[in-house]
Structures are given as C-alpha cells and as structure tokens.
Participant: 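Would you mind keeping the following structure in view while I ask a few things?
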Amino acid sequence: AISGTTMMTAYAQTGHVVEAKELFLRMPEKTSVSWNFMILVLANHKELARAKTLFDAMPERTAYSWNIMIQGYVDNSRFQSALAAFERMPQRSTASWNTVLAGLVAAGHLREAERVFEATPHRDLHAHNTMVSAYCKAGALHRARELFDETQNRNGVTWNTLLSGYATAGDMARTRSVFDKVPHRNFVCWNALLQAYVQNGQLSTAKATFDVSPCRDVASWNAMMQGFAEEGQLQDAELLFQRMPKRDVVSATALVVAYARHGHITQARALFDGLPVRDTIAWNAMIAAYTQAGLALDALNLFKVMDLEAVPLDHASLSSALDACATLAALREGKLIHSSILHSELFHSNTIVATSLITMYARCARLCEAKRAFDGLTKRD
RNA sequence: CACCCUCCUUGUCGAC
C-alpha cells in the first residue's frame with residue numbers, strides 16, 4: 001500500500017496542490033513529514049498565512065518546520081518576520097542559520113550577514129558559499145577572494161560563485177584564470193564562463209566557448225541567444241531559437257522581449273500566446289513590452305487577464321500595471337490594484353511597488369486637478 | 001540512521 005504521505009508528495013510535485021491538500025485533510029494519522037510537507041507546499045505557493053496557521057496547529061514543530069516558515073518569509077521579502085521566527089525557535093539547525101544568512105544577503109544587508117556568519121556555530125560550506133556570493137554581489141571581490149581562499153573543501157558552487165563574481169565585475173582576466181583552475185567543471189561552470197563573455201560584449205569568444213563546451217544545455221543556448229539579442233542581432237537570435245534542441249519558457253521570454261525591443265509587438269504577442277508554459281516573468285515581460293511600446297491599454301488589459309488566470313503576481317507585474325494606470329490616468333483601476341495589494345499583504349514593504357503607486361496617484365491627481373480646473377472654466381463660461 | 005528545508009549559470013521590472 002502506498003502511504004498517504006507518499007501520495008500527497010506525489011500530488012504536490014505534479015502540481016496538484018488542491019488534491020494534496022484534500023488528501024492531507026483526510027489523513028487519519030498525519031505524520032510529521034506530512035505536516036511539514038503541507039506547510040512547504042503552502043509557503044511555496046505564497047499562501048504564507050495558511051502555512052502559518054498550519055504551522056501553529058502542528059502538534060510538534062521541528063527545526064525543519066521552522067526553517068520552512070523562515071524561508072517562506074524570506075521569499076516574500078518579509079525579513080523582519082523571518083528574523084523574529086529565527087529568534088523565537090527553540091533550537092536552530094545549521095540550515096536555520098544558513099536560511100537567515102541567505103535572507104539577509106538577499107535583502108542586501110551585508111553587515112548584518114557578516115555578523116550572523118560570525119555567530120553561526122557550525123559554519124559549513126553552504127554558509128561560506130553564501131558569504132562569498134554576498135561579497136561578490138556587493139562588489140567586494142577582494143573580500144570574496146579572501147573568504148574563498150579560507151574555505152576548506154570548496155565545491156563546484158564555491159568556484160562558480162567566485163567566477164561569476166569576477167565576470168559581473170568585468171574582470172575577464174580573473175574570470176578566465178579561475179575557470180582554468182576549477183578542478184571539475186560542471187554545466188554551471190561552463191555556462192558561467194559563456195555568460196561572462198556575453199555580458200562583457202565578447203560575443204565571438206562566447207560563441208567559441210559555446211562551440212567547444214562539453215556541457216551544453218538549454219541555459220547555454222539561452223545565454224547565446226540573449227547575447228545576439230542584446231547586440232541587436234535579432235535574426236541570429238531567432239535562428240538560434242529555431243535550432244535549439246530544447247526550448248523552455250526562458251528561451252521564449254527572451255525572444256518575446258527581443259521582438260518587442262525591435263518594434264515587432266505583434267510577433268512578440270504571437271509567440272507569447274503560443275507558449276505551453278507561461279510563468280510570472282513571461283507575463284511580466286509581455287506586459288512591459290506593451291508599456292514600453294506606449295500601448296498602456298494593452299498592458300493593463302493583459303495584466304487583468306494575468307490576474308484572472310490566477311498567475312502569481314510579483315512586484316514587477318504590479319509596478320508595470322500601475323505604470324500603465326498612470327499613463328492612462330486610470331485612477332479607478334489604480335485604486336483597485338492598490339486595494340488588492342493591501343488585501344494580499346504581500347507587497348506592503350516593497351519600495352518598487354510603492355514608488356509606482358505614488359507615481360500613479362500623482363499623475364492621476366494632476367489630471368484630476370486639470371480636469372477640475374477645466375470644468376470650472378467651462379462653468380464660468 | 002536515512003529522508004524533506006539553506007549556496008553557484010540563462011528570460012521581465014527595480015525610484016538621481
């Protein structure tokens with residue numbers, strides 16, 4: 001017999017969240033694994049409030065359960081809640097420390113991250129890798145290198161992190177020398193080198209790397225295609241897209257954006273409509289394409305469809321939609337979006353969304369004033 | 001004890 005927990009896991013992994021939920025509720029004896037797993041599913045689907053309710057209702061919370069909640073808060077940029085949970089939990093595992101560390105890094109709090117790193121009882125390889133990555137993101141490559149040198153038992157992630165750090169900083173000499181020293185180059189490593197050349201405008205070297213790479217996957221093809229697109233070589237990008245052995249939603253989104261940037265908005269939309277899988281970023285890209293083409297009404301309409309189809313919104317979706325409202329001076333629509341933001345409680349502390357909200361209200365207010373002034377004028381006449 | 005949570009590469013947006 002298949003256990004309920006196994007069945008539930010299978011449902012959730014195939015995207016059948018509702019079925020997983022029902023099964024969980026019907027399970028006569030809920031195991032600790034099933035509780036944790038249900039919380040994980042809810043947290044991953046941005047249903048943090050429900051996850052929290054379940055978390056509170058659990059008979060026995062392990063460090064694992066706490067870690068899921070902390071990660072959920074981090075994913076939703078609720079860093080205060082993450083820290084609060086971290087401080088409240090009875091015993092912290094290494095994963096707890098690492099989750100909080102990664103959360104602080106994601107929030108851009110390097111000093112705090114350093115403090116947590118120092119305080120971590122068991123600083124494992126994950127923690128080291130997270131900090132190397134943090135220094136790279138902050139442009140502190142010297143510190144990244146020092147920590148890299150101090151790190152025992154480096155793995156592929158450690159090497160790849162430093163390599164990408166140099167690449168982002170535009171230091172191709174060090175990027176290359178790190179690459180040459182990597183003990184076992186994996187797919188990420190080769191792709192990181194490829195991307196390094198792409199993002200530093202060395203498309204022909206990128207191409208050469210691509211051609212000799214023993215590790216070519218969909219990410220390699222996508223990176224090359226994006227390189228052509230960014231150089232304005234739309235036809236080459238298109239050709240690559242057609243020749244790719246495998247395409248995913250990333251490939252298609254990149255081409256949608258490329259079409260749009262070249263003014264081919266209809267082609268972009270056709271490609272978008274034909275996608276078998278459309279994630280949040282794909283929708284955002286299409287909406288932004290309309291906005292940037294000055295087609296604010298199309299942008300707003302597509303946003304409404306996105307919302308209707310229950311695609312998870314993020315700060316970029318909301319920001320684009322609000323920008324469209326601003327352009328159209330659509331105060332009513334803007335207010336609707338605003339209230340749904342307040343209702344969802346997901347974007348309260350998001351500065352990007354807040355900025356778009358202010359812009360929208362400012363623009364509408366100005367127009368309203370203008371309209372009032374105009375009305376006043378006609379009445380006088 | 002094992003399992004499930006934490007780190008690296010490709011697509012959208014990010015306020016002088």
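Side chains included, hydrogens not; waters and symmetry mates left out as well; all remaining heavy atoms used. Protein chains get the first letters and strands the later ones, always in sequence-line order, with residue 1 at the start of each.
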Participant: Specify the closest pair of heavy atoms between A:N36 and A:S65, including all atoms of both residues, with the distance to one decimal.
Facilitator: OD1-OG, 2.8 Å
Participant: Answer yes if the ring centres of A:F117 and A:W97 are under 6.0 angstrom apart, and no otherwise.
Facilitator: no
Participant: Between A:D248 and A:N222, is there a side-chain donor-acceptor contact under 3.5 Å, judged purely by atom types and distance?
Facilitator: yes
Participant: Rounding to a whole Å, what distance do you find between A:L40:CG and B:C4:P?
Facilitator: 12 Å
Participant: Could you identify which residues cluster with A:L125, counting Ile, Leu, Val, Met, Phe, Trp and Tyr as linked when any side-chain heavy atoms lie under 4.5 Å apart, either directly or through a chain of such contacts?
Facilitator: none
Participant: Roughly, in whole Å, what's the span from CZ in A:F55 to P in B:C4?
Facilitator: 20 Å
Participant: Between atom CG in A:L147 and atom P in B:C7, what is the gap in whole Å?
Facilitator: 17 Å
Participant: With the sugar-phosphate defined as primed atoms, P, OP1 and OP2, and the base as all remaining atoms, what B/S/- string results for nucleotides 9-16 of chain B, 5' to 3', for protein heavy atoms under 4.0 Å?
Facilitator: BBBBBBB-
Participant: Rounded to the nearest angstrom, tell me the gap between atom CH2 in A:W35 and atom P in B:C5.
Facilitator: 20 Å
Participant: Report, one line per pair, each donor and acceptor closer than 3.5 Å where one atom sits in a side chain of residues 253-266 of chain A; sequence neighbours left out.
Facilitator:
| residue | atom | partner | partner atom | Å |
| --- | --- | --- | --- | --- |
| A:T253 | OG1 | A:V249 | O | 2.7 |
| A:Y259 | OH | A:E238 | OE2 | 2.5 |
| A:H262 | ND1 | A:A258 | O | 2.9 |

Participant: Looking at every non-hydrogen atom in both residues, tell me the closest pair between A:I70 and A:A85 and how far apart they are.
Facilitator: CG1-CB, 3.9 Å
Participant: Taking atom P of B:C8 as reference, at what distance in whole Å does atom CG of A:L194 sit?
Facilitator: 19 Å
Participant: Whole angstroms only, please: what is the CG-P distance between A:L83 and B:U6?
Facilitator: 18 Å
Participant: Determine whether the aromatic ring of A:W97 stacks with the base of B:U6, defined as ring centroids separated by less than 5.5 Å and ring planes inclined by less than 30°.
Facilitator: no
Participant: Given atom CD1 of A:I68 and atom C1' of B:U6, what is their separation to the nearest angstrom?
Facilitator: 12 Å
Participant: Roughly how many Å is it from CG in A:N98 to P in B:C5, rounded to a whole number?
Facilitator: 14 Å
